[in-house]
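As the structure lists them, so they are numbered: ligands from 1, and atoms in each ligand from 1.
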Amino acid sequence: MLRYNGSMKPPLARGEAPGKIILFGEHAVVYGRPAIAAPVTQVRARAEIFPAATCTVEAVDLHRRVEVARAPADDPFARMVRLVCQALDVPLPPWRIVVTSEIPIAAGLGSGAAISAAIGRAMLAAFAADMPLAELSALVYEVEKLHHGTPSGIDNTVVVYERPVWFVRGQPPEPFAVARPIHLLIADTGIPSPTKIAVGDVRRAWEQDPARLEALFDKVGDIARQARAAIEAGDIAALGPLMDANQALLAQMGVSSPELDRLIQAARRAGALGAKLSGAGRGGNMIALVTEETAAQVAMALRAASARRVLSTTIGPANPS
Ligand code: MEV
């Protein structure tokens with residue numbers, strides 16, 4: 001876990017936000033198809049606010065200290081602070097905002113969005129201000145645009161709403177019923193993969209052959225619709241083949257990688273009901289659908305196949321994370 005080595009005084013305020021996984025529909029969601037995502041509360045980004053002479057953001061683990069008034073317009077930390085101040089119509093406050101995160105960077109788990117959301121939440125708490133979730137999500141979305149030019153908005157939505165969402169670009173997120181728990185393992189290839197690069201490569205492929213890519217996106221959209229119906233009906237077993245079919249389409253888009261393929265194959269061979277990459281792909285994390293009975297053996301197989309870290313999470317009626 002990342003550590004803060006700063007002041008012993010208690011913070012004025014704190015904020016936090018979870019990581020996220022995309023269950024179905026990444027990349028196609030940028031082009032208007034539906035996607036399903038869920039928060040991962042086992043890993044979180046946190047922000048703490050201390051009184052100071054000027055407004056700074058410090059990310060100790062990233063070795064970054066940003067003085068907000070002097071930071072360039074495209075600095076994500078400074079952008080989030082400025083956006084919150086503009087929304088509340090207040091000047092930059094004399095605060096030291098200290099950011100820590102357990103969410104690996106460039107790993108498909110929404111670390112950028114979670115850090116922005118944590119900064120926003122801490123600032124709102126320090127100002128004793130209320131802001132609707134839709135508005136906070138919209139501010140985080142503005143920062144997401146700095147990370148890659150054409151975000152769908154799914155990452156900011158799921159980390160701010162902190163519940164499973166059915167997401168279509170440009171529309172408010174739809175919460176939906178998860179009839180039975182969905183047990184997942186999340187395994188990290190350990191290979192950082194900035195979203196911007198994978199999204200840019202898919203964009204170039206789409207520009208070169210729009211008909212082929214649109215057909216792939218349509219199939220992914222159909223899979224997301226079938227998955228929603230299965231989740232609402234509690235037909236968890238049906239999700240496995242849908243995850244495998246989604247993974248095959250992501251591979252055709254060119255966003256899988258040998259390391260992801262190795263983990264996905266290892267999970268399937270060890271008894272996972274289905275497996276796919278989650279997020280932008282190329283590196284980062286994959287997810288495997290397991291049962292309580294198969295979770296341990298699949299986790300062991302993922303570690304044997306060189307997973308850097310294996311997390312276990314459950315999306316379900318009793319535990320929405
Ligand atoms: C990244 O978590 C998901 C992508 O679909 C990009 C986006 O939706 O903005 C790859």
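- Inspection of the Glu67 and Thr56 side chains reveals no N or O donor paired with an N or O acceptor under 3.5 Å.
- No salt bridge links Asp244 with Lys276; every basic N to acidic carboxylate O contact stays at or beyond 4.0 Å.
- Put simply, the side chain of Ser193 gets close to the backbone of Gly281: a donor and an acceptor are under 3.5 Å apart.
- Without hydrogens or angle criteria, Glu144 side chain to Ala113 main chain gives a donor-acceptor distance under 3.5 Å.
- A distance-only check finds no donor-acceptor pair linking the side chain of Ser111 to the backbone of Ala107 [under 3.5 Å].
- Between Asp155 and ligand 1, at least one N/O pair is under 3.5 Å apart.
- Considering backbone and side-chain atoms alike, Ser152 places an N or O below 3.5 Å from some N or O of ligand 1.
- Atoms of ligand 1 found under 4.0 Å from any heavy atom of Val29 (numbered from 1 in listed order, with element): 5 (O), 8 (O).
- Judged by distance alone, with hydrogens and angles left aside, the side-chain atoms of Arg169 form a donor-acceptor pair with the main-chain N or O of Pro151 at under 3.5 Å.
- At least one N or O atom of Lys20, backbone or side chain, sits closer than 3.5 Å to an N or O atom of ligand 1.
- Taking the six-membered ring for Trp and thresholds of 30 and 60 degrees, Phe127 and Trp95 have ring planes inclined between 30 and 60 degrees apart.
- Here is the list of ligand 1 atoms found below 4.0 Å of a heavy atom in Pro151: 9 (O).
- Listed by number with element, the atoms of ligand 1 under 4.0 angstrom from any heavy atom of Glu26 are 5 (O).
- Remark: distances from the non-hydrogen atoms of Arg169 to ligand 1 are all 4.0 Å or more.
- Of the protein's heavy atoms, His27 N, 2.9 Å lies nearest to atom 5 (O) of ligand 1.
- Interface atoms of ligand 1 facing Val30, defined by a heavy-atom separation under 4.0 Å, are 5 (O), 6 (C), 7 (C), 8 (O), 9 (O).
- Within ligand 1, the atoms closer than 4.0 Å to a non-hydrogen atom of Ile154 are 8 (O), numbered from 1 in the order shown.
- Closest to atom 3 (C) of ligand 1 among all protein heavy atoms lies Ile22 CD1, 3.5 Å.
- Looking only at atom types and distance, the side chain of Asp261 has a donor-acceptor partner in the side chain of Ser256 under 3.5 Å away.
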